[in-house]
Asker: 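Here's a structure for you.
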There are 2 protein chains.
Amino acid sequence: MATPRPSGSGKRPTITEVARRAGVSTGTVSRHLNGGHWVSPDSAKAIARAIRETGYVANSTARRLRTGRSGTVAFVIDEPPASFFEDPTFESLVIEVGQALAARDQSMVLLLAGDEDSAKRAENFLLTSGVDGAVTASAQPQHHLFERIQAAGIPLVNVGSPAGLEDRVAFVAADDREGARMMARHLLERGARRLAVIAGPAHTPGGSLRPEAFADAVRDAGRTGGAGGTGAADGPEGADGSVAEGAAARIVTVRHGDYSERSGEDCAAEILAEHPDVEAIFAANDRMARGAIAALRAAGRAVPEDVLVGGFDDSAGAVAEDPPLTTVRQDFRRIAVELVDALGKQIDGGVRANVVVPVQLVVRDSTSPARP
Amino acid sequence: MATPRPSGSGKRPTITEVARRAGVSTGTVSRHLNGGHWVSPDSAKAIARAIRETGYVANSTARRLRTGRSGTVAFVIDEPPASFFEDPTFESLVIEVGQALAARDQSMVLLLAGDEDSAKRAENFLLTSGVDGAVTASAQPQHHLFERIQAAGIPLVNVGSPAGLEDRVAFVAADDREGARMMARHLLERGARRLAVIAGPAHTPGGSLRPEAFADAVRDAGRTGGAGGTGAADGPEGADGSVAEGAAARIVTVRHGDYSERSGEDCAAEILAEHPDVEAIFAANDRMARGAIAALRAAGRAVPEDVLVGGFDDSAGAVAEDPPLTTVRQDFRRIAVELVDALGKQIDGGVRANVVVPVQLVVRDSTSPARP
């Protein structure tokens with residue numbers, strides 16, 4: 001691109017100058033810059049030409065000093081493109097965050113980080129492009145995404161709890177703990193006593209909050225007696241209908257996958273090899289749950305008759321299959337609206353707030369054995 | 001975000017000032033701004049702080065005047081997010097364009113347009129963010145994406161032929177015509193004489209170039225006699241082995257889908273209803289071909305035994321299914337490299353060039369009947 005030529009040496013072009021050249025009012029230029037509502041195609045063309053001729057275009061400082069805003073938010077997802085496209089939760093997030101921003105006439109630009117170099121380039125873009133703020137997801141500690149963005153002075157809200165940085169990085173998250181507790185209580189009520197967990201990577205909520213809260217709930221149920229919860233109608237029957245002899249419920253093992261279906265399959269195969277008597281598996285996302293079901297079947301175990309399986313997310317692709325998956329629903333629309341709202345408050349007034357969005361247990365066939 | 005405060009009134013902060021405040025050399029600041037290679041974390045932090053304090057950050061003009069580059073290219077895809085995620089060709093393009101840019105240490109920001117308002121917001125972003133250029137895909141005429149970007153003076157290269165605007169908008173495209181001709185010759189050689197086309201939307205290459213070239217090739221074969229090509233070993237047998245009585249090959253109908261699997265299914269059902277004797281269907285992308293196969297099966301027609309089906313793209317998800325799909329492979333890696341190269345030349349010197357990338361016919365089971 002040819003470098004824009006300022007119209008006078010050392011003099012910063014003003015909106016008035018752009019308006020004069022384009023033969024329109026400054027109000028029209030302003031409307032054009034803020035989304036183009038009520039600007040005719042001819043005026044828009046004339047304004048664009050005037051902006052180009054004066055060099056006003058590249059001088060985002062002037063516009064930002066005037067409006068305080070660029071109207072653009074960067075959604076930085078620290079995943080390589082292949083993982084980004086593979087995981088349906090990103091699709092939900094991108095669609096909902098885009099819509100929530102559009103409702104405020106703000107645009108979203110998407111950056112995929114995913115490695116150290118990409119993270120640096122993302123930082124460079126944030127430093128120079130004048131975006132108003134950033135939404136982050138999947139930040140991997142070794143890429144220092146939070147530090148980079150915060151050091152650049154850019155308002156930032158993360159999707160999900162930023163493991164270990166809850167007091168430094170604003171976030172909007174599903175209620176991971178409560179979701180995991182609901183799943184634990186549900187599996188216990190269904191009679192499972194030997195439970196295994198397939199967790200996500202340690203730096204994500206599915207690698208820490210969800211498995212921890214799940215384990216706590218199982219422990220608590222063990223302490224208060226009747227592991228199935230007080231007075232649960234199902235009583236202490238195993239998932240296969242056998243009586244579990246009042247045994248206390250316990251976590252037999254926790255494995256860590258990477259959220260891919262394949263990793264869920266591998267983890268479940270290991271769990272089965274070491275704990276063939278496992279009665280329920282809680283996977284920290286739906287895709288790993290799906291992989292676990294495949295591994296169980298490959299080993300000749302029926303779901304839910306032999307082993308109960310629960311997931312997390314209620315993501316579109318992962319729940320439609322056979323059997324339909326019991327899971328914890330994240331309300332991505334609400335999360336997106338809260339994200340955009342929290343970011344707006346931080347941009348406007350430097351107010352940093354965390355929001356936890358309620359979740360919902362969705363019971364489907366993967367934990368609902370036909371009972372006599 | 002707090003508005004950056006210039007350090008002296010009316011004086012534009014310089015890289016020297018940033019370096020002095022950060023206690024590093026201007027070379028280090030420069031390296032930090034250009035990707036951060038060989039900059040220690042401590043220096044990076046100090047520089048980021050100095051940039052913030054001086055207001056240098058928001059003044060992209062200064063940096064652009066110095067380097068002539070922001071290092072960022074916008075990839076603007078004029079599709080609503082749901083279509084974007086549904087179509088595997090976008091995944092291939094985003095991955096490959098991102099990698100081709102990364103190889104030049106440039107970052108890619110992704111914008112989904114998809115409607116008039118989003119297109120305006122994309123234009124506004126391009127006007128104010130100082131990106132070096134734009135790659136566009138799927139531009140829908142009614143959103144005036146090309147006009148908006150060109151009026152803003154931003155270098156632009158489109159993915160695919162921009163229908164009717166080939167002399168005004170630079171593009172890198174697969175060889176749509178040759179791909180369609182290869183498919184036509186292949187289907188004719190396999191003995192098909194009554195061929196139908198499921199085209200894409202009219203403003204896309206699959207809605208114009210591919211069906212036109214396909215029809216031309218079928219017509220040419222008819223004119224030169226032996227529709228199966230000169231001396232083709234298969235001779236004039238129908239796909240089902242019946243002799244087509246030397247009939248000239250012809251296109252029985254052309255339908256327009258929207259590239260979705262569902263539209264391919266609908267078009268094929270209509271084709272079958274009106275032309276039950278159809279022998280081959282060429283769909284302008286793999287997903288519509290997949291839908292066509294579903295419709296044929298629902299109508300009790302075997303593929304390839306009763307009807308041959310060919311697609312276009314060789315996209316990951318669409319070809320793996322049953323039966324494996326004969327298709328025209330687009331080399332998305334090569335397309336991406338050529339895109340980034342063509343855009344770079346336009347940014348550097350205002351040189352506009354179009355590039356056509358060769359395609360390859362990939363023959364699989366959907367056109368390969370087991371022959372006696």
Side-chain angles (χ1 to χ4, degrees), chain A residues 1-4 33-36 41 44-45 48-49 51-52 55 57-61 63-65 68 70-72 74 81-82 85 91 94-95 98 102 105-112 117-118 120-125 127-133 144 147-148 151-155 347 350, chain B residues 1-4 33-36 41 44-45 48-49 51-52 55 57-61 63-65 68 70-72 74 81-82 85 91 94-95 98 102 105-112 117-118 120-125 127-133 144 147-148 151-155 347 350:
Chain A
M1 177 184 178
T3 304
L33 290 171
N34 289 293
K45 258 187 200 168
R49 197 182 312 117
I51 283 171
R52 200 162 65 247
V57 53
N59 193 345
S60 59
T61 308
R63 182 161 173 263
R64 295 187 68 203
L65 287 172
S70 73
T72 299
F85 281 102
E91 174 176 350
V94 165
I95 291 176
D105 202 22
Q106 293 179 294
S107 47
M108 175 180 75
V109 297
L110 200 58
L111 285 90
L112 301 180
D117 282 342
S118 308
K120 276 184 189 161
R121 281 192 294 269
E123 177 193 14
N124 189 38
F125 169 78
L127 273 170
T128 58
S129 66
V131 298
D132 296 329
H144 306 288
E147 294 87 333
R148 289 175 192 281
I154 311 275
I347 292 168
Chain B
M1 179 186 178
T3 304
L33 290 170
N34 289 295
K45 259 187 200 169
R49 196 182 311 118
I51 283 171
R52 198 162 66 247
V57 54
N59 193 345
S60 58
T61 307
R63 181 161 174 264
R64 294 187 67 203
L65 287 171
S70 73
T72 300
F85 282 102
E91 175 176 349
V94 165
I95 290 176
D105 201 22
Q106 294 180 293
S107 48
M108 174 180 75
V109 297
L110 200 58
L111 284 90
L112 301 179
D117 283 343
S118 308
K120 277 183 187 162
R121 281 191 294 269
E123 178 194 13
N124 189 39
F125 168 78
L127 273 170
T128 59
S129 64
V131 298
D132 295 329
H144 306 289
E147 295 86 334
R148 290 176 190 281
I154 311 274
I347 292 168

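Keep in mind the model is a prediction, meaning the values are calculated, not measured. Just so we're on the same page: letters track the sequence lines, and every chain starts at 1.
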Asker: Using the side chain to side chain contact (heavy atoms under 4.5 Å, CB included) definition, which of the options B:Leu112, B:Leu110, B:Leu111, B:Val94 pairs with A:Leu110?
Answerer: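 Passing option: B:Leu110.
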Asker: Write down the atom of B:Ile95, the atom of A:Pro81, and the distance for their closest heavy-atom approach.
Answerer: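 Shortest heavy-atom contact: CG1-CB, 3.3 Å.
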Asker: Under 4.5 Å, counting heavy-atom pairs only, tell me which of B:Glu91, B:Glu123, B:His144, B:Met108 racks up the most with chain A.
Answerer: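 Top count of heavy-atom pairs under 4.5 Å with chain A: B:Glu91.
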Asker: Considering only heavy atoms, which portion of A:Val109 lies under 4.5 Å from any heavy atom of chain B: side chain, backbone, both, or neither?
Answerer: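 Contact with chain B: backbone and side chain both.
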